[in-house]
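First the structure, in the form of structure tokens, and then the observations on it.
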Amino acid sequence: MRTRIRPAAVLWLLVGAVYFFLPLVATALFSLKDELTGKCCSLGSYQTILEDPQFAKALRQSFILSLETIAISLILLVPTVYWVHLKLPRLRPVISFLALIPFVVPPIILVVGLLDVFRGSPDWFYAEPYGFLVGAYVILAFPYMYFSLDSGFRAIDVHTLTEAAQSLGATWPTTLFRVILPNIRAAALAGAFLTLAIVMGEFTIAVLAAFDTFPVYIQYINETKAYPAAAVSLMSFGITWAAMLALLLVARGRATAPAVGH
Amino acid sequence: VIGIVTQWLTELGWNPYDHGFSLFTKTGIEIVYLYFQIPLMILVIAPAIDGLRREWREAASNLGASTLQFWRYVGLPILTPSLLSAVVLLFGNSFAAYATAYGLTGGSVPLVPITIGFYYSGDVLSNPHLAEALALGMFVVLAAMMAIYIPLSRISSRWVR
């Protein structure tokens with residue numbers, strides 16, 4: 001039986017839609033204004049951004065940082081979560097609790113602490129975004145990566161898969177790479193896209209540690225050029241949105257994919 | 001340079017900036033924070049509201065309860081732990097937000113995270129030890145919030161099955 005949609009519900013839905021879409025629409029209109037005259041419509045702001053060499057540099061840097069963060073997080077967490085599910089299930093609540101810590105210690109506190117702890121460490125780590133910043137981002141990404149991997153491992157029968165692989169003579173690396181990994185691929189991808197969205201949008205740590213990542217570049221444009229700021233914000237929104245869309249597609253693939261190992 | 005909504009409202013004859021409004025103040029930050037707080041609230045509270053069973057509503061009206069009485073004596077008491085834990089979570093989220101406030105006001109509204117940022121990396125007002133002290137104070141507040149949140153979410157998850 002389908003319930004009738006009440007007029008009040010429609011009204012609230014409309015209010016919500018206006019509330020959330022108005023800023024987006026306004027940003028889009030704003031980004032189309034001409035930089036000199038302030039009149040609609042011109043793609044000049046987008047051109048200004050795309051022709052700025054800093055834009056490509058910052059975007060590439062943030063993208064490489066995301067890939068590095070994703071790689072390190074996966075290398076650290078896939079074997080850990082696998083081992084915890086296989087041999088140490090009692091540790092699961094402990095790790096879940098640890099994964100809450102990045103929420104209790106927000107980026108502003110984390111960056112102050114990390115800068116203090118690592119002050120005086122070698123320059124190849126401390127002065128390089130690919131060292132220090134990635135280390136911080138692995139901490140930020142930990143809960144998201146952990147909870148997606150955890151749900152992925154919960155959905156497969158780790159014990160049976162491992163025993164089957166071992167009784168056929170597989171070594172631990174073979175088991176992990178050729179049996180376990182293909183089965184948790186969707187969960188690992190979901191964690192990777194979440195991490196991508198986090199790193200591409202992280203501002204606090206990057207600005208306080210004085211690295212020029214993409215969000216820091218957006219803020220710089222925001223302070224200096226009004227109309228191109230709207231254009232670059234929309235591009236950033238597009239990147240996050242694409243990552244989330246990919247996440248939804250991966251999640252759907254997981255729901256319909258034939259369950260291997262059952 | 002003026003914003004789109006300000007422009008529309010001005011064309012309608014009411015410029016909010018002539019009436020004491022400014023986006024770059026505490027009020028402005030509150031409006032902008034709602035954009036990430038409302039979705040978080042929906043994510044946190046939706047499972048709890050889903051957990052209110054239709055049968056409870058029916059049982060209440062069979063016993064003669066009005067809609068108001070149902071919410072007063074059944075709905076709200078069940079939702080209270082979820083609502084409280086959501087309040088704690090949203091408090092922590094707002095309390096710790098740095099990027100939004102900084103991006104919006106450039107640091108002209110002295111929130112705790114903004115102040116930490118200024119003292120830690122500021123050129124004029126550099127005082128890293130004060131920043132560290134503020135960060136520790138913030139951590140104590142957030143740890144207390146978590147200490148409230150975790151037991152509350154455990155109670156509220158009882159009804160969400």
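Letters go in sequence order (proteins before strands), and every chain restarts at 1. The structure displayed is predicted, hence computed values, not measured ones.
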(request) Sort B:Met146 into side chain, backbone, both or neither according to what part of it lies under 4.5 angstrom from a heavy atom of chain A. (result) side chain
(message) Other residues, nucleotides and ligands only: do more than 12 of their heavy atoms fall within 6.0 Å of CZ on B:Phe95?
(response) yes
(request) Against chain A, work out which of B:Val112, B:Leu142, B:Val5 has the most heavy-atom pairs shorter than 4.5 Å and name it. (result) B:Leu142
(request) For B:Phe139, look at atom CZ and say whether over 12 heavy atoms of other residues, nucleotides or ligands are found less than 6.0 Å away. (result) no
(message) Check this for me: A:Trp12, atom CH2, are more than 12 non-hydrogen atoms of other residues, nucleotides or ligands nearer than 6.0 Å?
(response) no
(message) Need one label for A:Tyr227: side chain, backbone, both or neither, based on atoms under 4.5 Å from any heavy atom in chain B.
(response) side chain
(message) Working to the nearest 0.5 angstrom, can you tell me the gap between B:Leu104 CG and A:Gln219 CD?
(response) 9.5 Å
(request) Against chain B, work out which of A:Val112, A:Leu29, A:Val25, A:Val111 has the most heavy-atom pairs shorter than 4.5 Å and name it. (result) A:Val112
(request) Mark yes when over 12 heavy atoms from residues, nucleotides or ligands other than B:Tyr17 sit less than 6.0 Å from its OH; otherwise mark no. (result) yes
(message) If you count heavy atoms of other groups shown closer than 6.0 angstrom to NE2 of B:His129, is the number above 12?
(response) no
(request) Under 4.5 Å, counting heavy-atom pairs only, tell me which of B:Ala143, B:Gly92, B:Gly103 racks up the most with chain A. (result) B:Gly103
(request) Taking all heavy atoms of A:Leu208 and all of B:Ser121, pick out the closest pair and write down the distance. (result) CD2-OG, 3.3 Å
(request) With rounding to the nearest 0.5 Å, note down the distance linking CD1 in A:Ile108 to OH in B:Tyr120. (result) 10.5 Å
(request) Identify which part of A:Ala226 has an atom lying under 4.5 Å from any heavy atom of chain B, answering side chain, backbone, both or neither. (result) side chain
(message) Please classify the contact of B:Ile150 with chain A as side chain, backbone, both or neither, using a heavy-atom distance under 4.5 Å.
(response) side chain
(request) Counting only heavy atoms closer than 4.5 Å, note whether B:Tyr35 contacts chain A via side chain, backbone, both or neither. (result) both
(message) Does atom CZ (B:Phe36) have a neighbourhood of more than 12 heavy atoms from anything else shown, all under 6.0 Å?
(response) yes
(request) Starting at CD1 of A:Ile109, measure out to CD1 of B:Ile116 and round the result to the nearest 0.5 Å. (result) 6.0 Å
(message) Report which part of B:Leu34 has an atom under 4.5 Å of a heavy atom belonging to chain A: side chain, backbone, both, or neither.
(response) both
(request) In sequence, state the C-alpha distance, the side-chain angles, and the governing distance for A:Val105 and B:Met138, and then conclude on side-chain contact (heavy atoms from CB on, under 4.5 Å). (result) CA-CA 9 Å; A:Val105 184; B:Met138 233 180 124; over 6 Å; no
(message) Once you measure the plane-to-plane angle for A:Phe203 and B:Tyr102, does it fall in the parallel (<30°), tilted (30-60°) or perpendicular (>60°) bin?
(response) tilted
(request) Assess whether atom CH2 of A:Trp241 is packed by more than 12 heavy atoms of other residues, nucleotides or ligands within 6.0 Å. (result) no
(message) With heavy-atom distances below 4.5 Å as the criterion, would you say the side chains of B:Trp8 and A:Leu22 are in contact?
(response) yes
(request) Check each atom of A:Phe20 against the heavy atoms of chain B and say whether the ones under 4.5 Å are side chain, backbone, both or neither. (result) both
(message) Using heavy-atom distances under 4.5 Å, tell me whether A:Leu115 contacts chain B through its side chain, its backbone, both, or neither.
(response) both
(message) How about CZ on A:Phe63, more than 12 heavy atoms from neighbouring residues, nucleotides or ligands closer than 6.0 Å, or not?
(response) no
